[in-house]
Enquirer: 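Here's a structure for you.
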Amino acid sequence: MKTCTLLLCAHLDFTIFASNPKNLTHGTSFSIVLDTIPSLMNALRMVWIISRHYNKDERMIPLMERIAWEISARVCKVVDLRTLFKYVGEDRQLAKIKMKEAKRTLEIWKESYFDIRAKIEASGRDARWEFDRKRLFERTDYMAIICQDLFNVLQVIEEFYNIFGPELKSVTGDPKRIDEVLQRVDGLVRPMEILTFDPFNIRCATHWKIVMEDFKLEVADIEKEAKSFIDESFKTLRSAEAAFDMLLNFKHIRSREAINKQMMMKFSDILVQYCKEVFCFSS
């Protein structure tokens, strides 16, 4: 009877949050999941040790598989690629936080398993804790990789927007060209918004790899165009002071490394512009 009670508690602890989509669609939702999984795994350990029914691999593995499936299914439900990249400004930060928490949720499932395994081995008296890792973690491990990819995509977009903002438009005097670059940046995610396959499905790993390779190639091409634009623009600066202030600000803003290095090489162009302005003022 005690074993049944423990098992029911383990199920209830998990299904209370897993079965309610609202728990995962609002800000604190993943915190609930992250806090629950370790205690759930500990409850499973007690079931494994005490139960005469669930102390066999063929009965415990399906139970744990079901929990892994619930975690995966809820992450899939929350991470909607059709809306993920619609966030702008501060909301983009929220999207990044969501991806980090989704990844962490998938990772803590495996970490909790190995924490319990270490405790059982250290005790030296309980039944061994070693189940089919492929069945328990293959999907969640793969999904964690995809979550990291999506976080990286959001980070790249943010870094481009950090550079090509109002300040650069004002300094260069060429807002149209900057808007054209940002249109290409926005276009980076369009292939991901119209996928014809599930990126979280490990059977589609090859398709997702192609999407990410194309993304990286396009990013490199945009960086090349951006560096060319910066070279041209800093030859015809509108204000040396404004350009100097902008470069100082960029030192403290996360942006594309290649472009940031290019920007930091423009102090000499600013000095040339400053000399022109002094000469004009003197004349």
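The basis for the numbers below is simple: all heavy atoms, side chains too, and nothing from hydrogens, waters or symmetry mates. All values derive from a computational prediction rather than experimental measurement.
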Enquirer: Do E121 and R117 meet the salt-bridge criterion of a basic N to acidic O distance under 4.0 Å?
Expert: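 Yes, this pair counts.
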Enquirer: Under 4.0 Å between a side-chain nitrogen and a carboxylate oxygen: does that hold for K100 and E107?
Expert: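 Answer for the salt bridge query: no.
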Enquirer: Measure the spacing between CZ of R104 and CH2 of W109 and express it to the nearest 0.5 Å.
Expert: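 Reported to 0.5 Å precision, the distance equals 14.5 Å.
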Enquirer: Using a strict 4.0 Å threshold on nitrogen-to-oxygen distance, state whether E70 and R66 make a salt bridge.
Expert: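 Counted as a salt bridge, because a side-chain N and a carboxylate O are separated by less than 4.0 Å.
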Enquirer: Which heavy atom of L34 sits nearest a heavy atom of I108, and at what distance?
Expert: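 Minimum heavy-atom separation between L34 and I108: O-CD1, 3.7 Å.
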Enquirer: What distance do R190 atom CZ and F85 atom CZ have between them, rounded to the nearest 0.5 Å?
Expert: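 With rounding to 0.5 Å, CZ (R190) is 12.5 Å from CZ (F85).
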Enquirer: Does the pair K103 and F151 meet the rule for a side-chain contact (heavy atoms from CB on, under 4.5 Å), with working shown?
Expert: CA-CA 9 Å; K103 181 189 177 190; F151 176 88; over 6 Å; no
Enquirer: Identify whether V47 and W69 are in the same connected component of the hydrophobic contact network (ILVMFWY, side-chain heavy atoms under 4.5 Å).
Expert: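 No; W69 is not reachable from V47 via cluster members.
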Enquirer: Nearest 0.5 Å, please: how far is CG in D80 from CZ in R82?
Expert: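 Result: 4.5 Å between the selected atoms.
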Enquirer: Hey, does I146 have a side-chain heavy atom less than 4.5 Å from the side chain of V79?
Expert: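 No, side chains not in contact.
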Enquirer: Please answer: with hydrophobic residues joined when any side-chain heavy atoms are less than 4.5 Å apart, are M192 and I202 in the same cluster?
Expert: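 Same cluster.
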Enquirer: Is L195 reachable from F215 through a run of hydrophobic residues whose side-chain heavy atoms are each under 4.5 Å from the next?
Expert: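 Yes: a chain of side-chain contacts under 4.5 Å links F215 to L195.
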Enquirer: Decide yes or no for D214 and P191: does some side-chain heavy atom of the first lie under 4.5 Å from some side-chain heavy atom of the second?
Expert: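 No - every pair of side-chain heavy atoms lies 4.5 Å or more apart.
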Enquirer: Who passes side chain to side chain contact (heavy atoms under 4.5 Å, CB included) against K209, sequence neighbours left out?
Expert: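 Expected list: E213.
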Enquirer: Taking side chain as C-beta onward, heavy atoms only, is M64 less than 4.5 Å from R135?
Expert: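 Contact flag for M64/R135 side chains = no.
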Enquirer: Please list, chain by chain and in numerical order, all residues satisfying ring-ring contact (aromatic ring centres under 6.0 Å, His included) with F114, sequence neighbours excluded.
Expert: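 Checked F114 against ring-ring contact (aromatic ring centres under 6.0 Å, His included); zero matches.
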Enquirer: When rounded to the nearest 0.5 angstrom, what is the spacing between CD1 in I222 and CD in E180?
Expert: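 Rounded to the nearest 0.5 Å, the CD1-CD separation comes out at 12.5 Å.
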Enquirer: Atom CE in M212, atom CG in D149: separation rounded to 0.5 Å?
Expert: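 With rounding to 0.5 Å, CE (M212) is 4.5 Å from CG (D149).
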Enquirer: Walk me through whether L44 and I67 qualify under side-chain contact (heavy atoms from CB on, under 4.5 Å).
Expert: CA-CA 11 Å; L44 288 171; I67 296 171; 3.7 Å; yes
Enquirer: What is the ring orientation for W129 with Y113, classed by angle as parallel under 30°, tilted 30 to 60°, or perpendicular over 60°?
Expert: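 The rings of W129 and Y113 sit tilted, inter-plane angle from 30° to 60°.
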Enquirer: Are the side chains of D198 and W208 in contact, using a 4.5 Å heavy-atom criterion?
Expert: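 Heavy-atom side-chain distance check fails, nothing below 4.5 Å.
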Enquirer: Nearest 0.5 angstrom please: F160 CZ to Q155 CD, how far?
Expert: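 Rounded to the nearest 0.5 Å, the CZ-CD separation comes out at 11.5 Å.
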Enquirer: Which heavy atom in E218 sits nearest to a heavy atom in L188, and how many Å separate them?
Expert: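 So the minimum-distance heavy-atom pair works out to CG-CD2, 3.2 Å.
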Enquirer: One pair to check against side-chain contact (heavy atoms from CB on, under 4.5 Å): R184 and D221. What are the steps and the verdict?
Expert: CA-CA 10 Å; R184 290 192 66 187; D221 200 45; 2.8 Å; yes
Enquirer: Of all the heavy-atom pairs spanning I61 and L136, show the shortest one and how long it is.
Expert: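 It is O-CD2, 4.1 Å.
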Enquirer: Between N152 and Q148, does the side chain to side chain donor-acceptor pair (under 3.5 Å) criterion hold? Intermediate values first, please.
Expert: CA-CA 6 Å; N152 293 343; Q148 183 61 55; 2.9 Å; yes
Enquirer: Might you confirm whether atom NZ of K56 has over 12 heavy atoms from other residues, nucleotides or ligands at distances under 6.0 Å?
Expert: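 Yes - once you tally the heavy atoms of other residues, nucleotides and ligands closer than 6.0 Å, there are more than 12.
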Enquirer: Is there side-chain contact between M99 and L84, with heavy atoms separated by less than 4.5 Å?
Expert: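 SC-SC contact between M99 and L84 confirmed.
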Enquirer: Return the minimal non-hydrogen interatomic distance between P199 and Y142, and the atom names on each side.
Expert: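 The answer is O-CE2, 3.4 Å.
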Enquirer: Should E158 and Y161 count as side-chain neighbours, where that means a heavy-atom distance under 4.5 Å?
Expert: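 With C-beta onward as the side chain, the pair stays apart.
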Enquirer: Angle between ring planes, H207 versus F197, binned at 30° and 60°: parallel, tilted or perpendicular?
Expert: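 Plane angle between 30° and 60°, so tilted.
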Enquirer: Heavy atoms only: give me the nearest R139-A73 pair and the separation to one decimal.
Expert: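 In terms of heavy atoms, the two residues are closest at NH1-N, 4.4 Å.
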Enquirer: Any heavy-atom pair between the side chains of D91 and L94 that's under 4.5 Å?
Expert: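 Answer yes - side chains close enough.
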Enquirer: Only one of L81, I145, V189 clears side-chain contact (heavy atoms from CB on, under 4.5 Å) with L150; which?
Expert: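 Only one of L81, I145, V189 forms a side-chain contact (heavy atoms from CB on, under 4.5 Å) with L150, namely L81.
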Enquirer: What pair of heavy atoms forms the shortest contact from T140 to A68, and how long is it?
Expert: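 Looking at all heavy atoms of both residues, the shortest contact is CG2-O, 4.2 Å.
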